[in-house]
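For reference, the structure is listed below as structure tokens.
One-based numbering, in listed order, for ligands and for the atoms of each.
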Amino acid sequence: MNVYLDNNATTIVDPQVFAEMEPYFVQKYGNPNSLHAFASDTHPGIKAGMEKIYAGINAHREDSVVITSCATESNNWVLKSIYFEYILTGRKNHIMISEVEHPSIIATAKFLESLGCRVTYLPINHEGLIDVETVRNNITDKTALVSIMWANNETGAIFPVEEIGELCAEKGVLFHTDAVQAIGKLPVNVQLFNVDYLTFSAHKFHGPKGVGALYMKKGKELIPLLHGGSQMGGYRSGTLNVAGIVGMGKAIEAAVDALDFEMTEVREMRDDFEDELLKIEDTFVVTPRKKRTPNTILISFRGIEGESMLWDLNRAGIGASTGSACASEDLEANSVMEAIGAAEDLAHTAIRFSLSRYTTQEELDYTLKVVQAAVIRLRGISSSYAYAPEGHESGLDSHHH
Ligand code: PLP
């Protein structure tokens with residue numbers, strides 16, 4: 001049996017999405033900016049796709065949603081534009097992010113730091129959550145931007161973006177949220193709270209890879225990162241990714257349609273699966289379920305290296321993760337586990353299971369059996385597990401059974 005439980009890394013393309021994209025490769029392949037029928041053949045698809053993307057987050061007509069190549073580009077764009085406009089010019093000197101943002105935020109912030117920007121990396125607490133007061137305490141009159149993700153890719157922790165947005169409005173600070181892990185898992189409506197910029201990416205909600213977007217609230221438009229032609233209103237040059245726009249449109253429409261299912265059925269399957277996993281002795285989950293996206297479990301198995309568990313799972317046809325895919329080629333501890341201050345012996349033991357609306361109960365039943373067998377096998381050969389002292393200080397709330 002093959003089981004895909006790595007949906008926070010990427011997702012299967014919804015076959016309906018693929019079907020809608022297909023004509024835009026071999027039939028309707030014109031450059032939308034050309035002056036002939038090959039071009040105009042693409043226009044209805046682009047228009048419909050863009051309308052669906054706007055509707056998917058409830059952007060107003062006057063707001064801008066700009067299509068990019070990925071969320072990484074959208075995130076780079078926001079931080080670098082703010083740097084050019086506010087920091088380089090000396091108007092402000094500071095941006096604030098959380099210490100568990102995606103590398104496309106962290107690495108960009110570090111780069112800007114090397115150019116003289118002051119950066120605050122907000123800590124998360126032992127539950128993997130952010131406290132709004134720490135945001136408040138770190139804002140100064142020189143703060144240009146606060147950028148906090150909506151939901152964390154590793155734990156699924158949902159951050160209080162509504163309160164942070166309100167605080168930013170009150171203090172006159174721009175607010176960006178990386179909503180990559182929120183779309184299709186939580187209701188995302190940019191009119192319901194103060195948000196100036198919002199990043200999302202099609203391949204995380206059953207759309208194609210290589211298509212991202214950035215929402216910019218009316219009046220808060222950024223200077224371009226990619227200069228060139230006048231595509232996307234001049235905000236982002238480069239020949240339009242026609243099939244990508246069509247695909248992202250269909251994907252976000254389907255994701256919003258499936259949101260109820262995700263928040264009830266998927267959540268229930270996740271909860272039951274998690275209950276079963278936690279029956280295994282010495283297992284730990286960081287963030288309380290109610291404060292998590294419905295599809296994600298980050299669980300530690302004491303005494304078992306995450307990579308060893310992945311090996312056993314992979315041999316049984318199961319794809320999971322030790323954390324973000326970007327970091328999985330080096331054997332560093334999971335960054336969230338480090339950030340919450342997990343003890344060294346647990347920091348390397350986290351496994352992330354991320355479900356989707358395509359996940360079945362049968363797949364989870366099978367996975368549970370494989371995990372149970374892997375735990376017995378791997379703890380049997382673990383040098384650290386047998387010698388773990390009783391009442392060992394884990395840094396995490398315990399789920400002993
Ligand atoms: N932000 C978050 C929270 C993510 O989980 C990811 C996915 O890896 C990204 C950004 C980057 O997305 P993309 O692959 O579209 O660049």
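Between Trp150 and Phe193, the ring centre distance stays below 6.0 Å. Aromatic pair His60/Tyr54: ring centres not closer than 6.0 Å.
By the 3.5 Å distance cut-off applied to N or O atoms, Ala71 is counted among the residues near ligand 1. No N or O atom of Ser104 sits closer than 3.5 Å to an N or O atom of ligand 1.
Close approach to Cys70 involves these atoms of ligand 1, each under 4.0 Å from a residue heavy atom: 13 (P), 15 (O), 16 (O). Residue Asn153 has at least one heavy-atom neighbour below 4.0 Å for each of these atoms of ligand 1: 3 (C), 5 (O). Near Met149, the atoms of ligand 1 lying under 4.0 angstrom from a non-hydrogen atom of the residue are 3 (C).
In this structure, Glu101 has no heavy atom closer than 4.0 Å to ligand 1. The closest approach between Lys204 and ligand 1 falls below 4.0 Å for a heavy atom of the residue.
Residue contacts with ligand 1 for Asp178 involve side-chain atoms from C-beta outward but no N, CA, C or O (heavy atoms, distance under 4.0 Å). Contacts of His203 with ligand 1, taken as heavy-atom pairs under 4.0 Å, involve the side chain alone. Under 4.0 angstrom from ligand 1, the non-hydrogen atoms of Ser201 all belong to its side chain.
For the side-chain hydrogen bond (donor to acceptor under 3.5 Å, both in side chains) test, residues two or more places apart in sequence or in another chain that qualify with Gln361 are Asp365. With sequence neighbours excluded, the residues that form a salt bridge (charged side-chain N to carboxylate O under 4.0 Å, His left out) with Glu51 are Lys47.
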Checking ring pair (Phe, Tyr, Trp, His ring centres under 6.0 Å) for the pair Tyr215/Tyr197: CA distance, chi angles, key distance, verdict? CA-CA 5 Å; Tyr215 160 85; Tyr197 310 107; 8.2 Å; no
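Taking the side chain as every heavy atom from C-beta outward, Arg270 and Phe353 never approach each other to under 4.5 Å.
Both the sub-6.0 Å distance and the 45° axial angle are satisfied by Lys110 relative to the ring of Tyr121.
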